[in-house]
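Data block below; observations after.
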Amino acid sequence: MTTTALPRILQIGRLPLPALETELAARYHVTCLADQADPAGYLAMHGAEFSGVVTTASIGLQGEVIAALPHLQVISSFGVGFDALDIDAAKARGVQVGYTPGVLNDCVADMAFALMLDVSRGIAASDRFVRRGAWTQSRFALGSRVSGKRLGIVGMGRIGQAVAERASGFRMEVAYHNRRRDPGIAQQYFESLVELARWADYLVLTVAGGPATRHLVDSTVLQALGPQGFLINVARGSVVDEAALIDALTHRRIAGAGLDVFEDEPRVPEALMVLDNVVLTPHTASATHETRRAMADLVLENLDAFYTQGAVSVPVPGTTRPQ
Ligand code: 8YV
C-alpha cells in the first residue's frame, strides 16, 4: 500500500506514550493538529481529508473540531474518561467512538491507596523533612493510621471496585455512594453522599466526570467529612469544588487530601501548593509503563477493528447504533 492509500488520521495533540505515535504512523497517514502553525486554518483547509481521529481523555475533542471533519467516521481515545469528548456531536453524526476502559483499573486503584497512605502518614512531607536536614533538629509529626478505618467510595464502578478490593488487605470497612444502589455490590450503600462523608474516614472519588458530577463534592460534603477525614481524588478535578476544598484544607475542616486531578490542569492553585496536609500528583494514576502500554494497544485495536471490520472493539456506551 502506498502512503496515500492509508486512512487519514488526525491526531489532536501529543500522546502520553511516544511509541504509540510511531506505531500509529506506521499503520496510518497521521497528521498532528497541535503541530500545525494555525490549527483552525489547517482544519478549515484540510478537515475533509480525515476519516479518523486519535485523542486522549485529557485532550478531548470539541464539537467544533468534529464539525470541521465532514468525513469523520471513527474516534479512538486514549483513556477511560470521555467527559472532554463531545459524545453527543459524535453520536449525532454516527461517528464511532472507541476508548480504553478496564486496563487501567489496577493502577488507578493503586494510586488511590498511594495517596491515602501518603497523606495519612506524611510520606512526601517526611521526605521533604529528611532532605532539608530537619531530622537532626526535630521529630516528624505523628500521622493517622489507615488500617481498620472507614473507606467511602464515590462511584462504585470498575475502578471503585478495584479500590474496595485493596481495602480488605487493610481491614477497612467499605461503603459506597452511586446514583443508584447496585444489587451486585455487597458493600453498604449510602443514598446520600453527605451521609457517606459523615460515616467515612476516607472519601475516595472514582466517579466519572462531566456535568452530572460537577462539584458533587462541595462545602457541605467536606463539612460532613470533618476534621479527621481525608479526601482522595483520582477521578476528575471537576467533581470537587476546588475553592471549597482549599478553604476546608486551609482551616483544617478536613484533615487532608490526596489529589491526582484538578479543576484547571495542569495549573494547580498556589493555595494548594503551600499546604502540607495535601499530596499532589500530576494526573498520573494510570501512568505506568504497563498500563499506558495496554491503553495504547486498545487505541490501536479500536482503530484497526474499525478500518478492517467496520466497528471499534470497545465503544463508549451508547455510541454504536443497535444492529
Ligand atoms: C489518562 C485518564 O491520564 O483514562 C482517563 O480518563 O484521565 C487518564 O488515564 C489520560 O487518558 C491521558 O490523557
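The figures here come from the full heavy-atom set of this structure, side chains too, leaving out hydrogens, waters and symmetry mates. For this chain, numbers begin at 1 and follow the sequence in order. Everything quoted here is computed from the prediction, not taken from an experiment.
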### Query
Is H71 reaching over with its side chain to a backbone N or O of A48, donor-acceptor style, under 3.5 angstrom?
yes
#### Entry: Shared hydrophobic cluster, I59 / M295 (ILVMFWY, side-chain heavy atoms < 4.5 Å)
yes
### Message
Is it the case that over 12 heavy atoms from other parts of the model lie below 6.0 angstrom from the CD atom of E191?
### Response
no
#### Entry: L216 backbone acceptor or donor facing T213 side chain under 3.5 Å
no
### Partner set under side chain to side chain contact (heavy atoms under 4.5 Å, CB included) for L249, not counting sequence neighbours
L245, I254, A257, L272, L275, N277, V278
### Shortest non-hydrogen contact from V194 toward A224
O-CB, 3.5 Å
### Trace of the side-chain contact (heavy atoms from CB on, under 4.5 Å) decision for L115 with F230
CA-CA 10 Å; L115 290 170; F230 293 90; over 6 Å; no
### Query
Is there a donor-acceptor pair closer than 3.5 Å between any side-chain N or O of S76 and the backbone N or O of V299?
yes
### Query
What do the steps show when you test F306 against L303 for side-chain contact (heavy atoms from CB on, under 4.5 Å), and what is the final call?
CA-CA 5 Å; F306 177 80; L303 269 191; 5.6 Å; no
### Summary
Taking every heavy atom of V163 against every heavy atom of A112, the minimum-distance pair comes out as CG2-CB, 4.1 Å
### Message
Can you give me the closest heavy-atom contact between M172 and G148, atom names plus distance?
### Response
CG-N, 4.1 Å
### Task
Might you point out which heavy atoms bring L43 and L69 nearest each other, and give the distance in Å?
CD2-CD2, 3.8 Å
### Message
Suppose we screen for side chain to side chain contact (heavy atoms under 4.5 Å, CB included). Which residues come up paired with E23, at least two apart in sequence or across chains?
### Response
A19, L20, R293, L300
### Message
Given 3.5 Å as the limit, does a donor-acceptor pair link the side chain of D86 with the main chain of L61, or not?
### Response
no
### Task
Mind jotting down which residue pairs meet the side chain to side chain donor-acceptor pair (under 3.5 Å) criterion with at least one end in residues 106-123? Sequence neighbours excluded, please.
D106-R166, D110-R166, S120-Y202
### Task
Indicate yes or no: at least one non-hydrogen side-chain atom of Y176 is less than 4.5 angstrom from one of D182.
yes
### Message
Show, in sequence, the C-alpha distance, side-chain angles and deciding distance for E263 and R214, and conclude whether the side-chain contact (heavy atoms from CB on, under 4.5 Å) test is met.
### Response
CA-CA 10 Å; E263 279 203 296; R214 193 181 132 74; 4.0 Å; yes
### Message
Testing the basics here: between W135 and F129, what is the closest heavy-atom pair and its distance to 0.1 Å?
### Response
CA-CE2, 3.5 Å
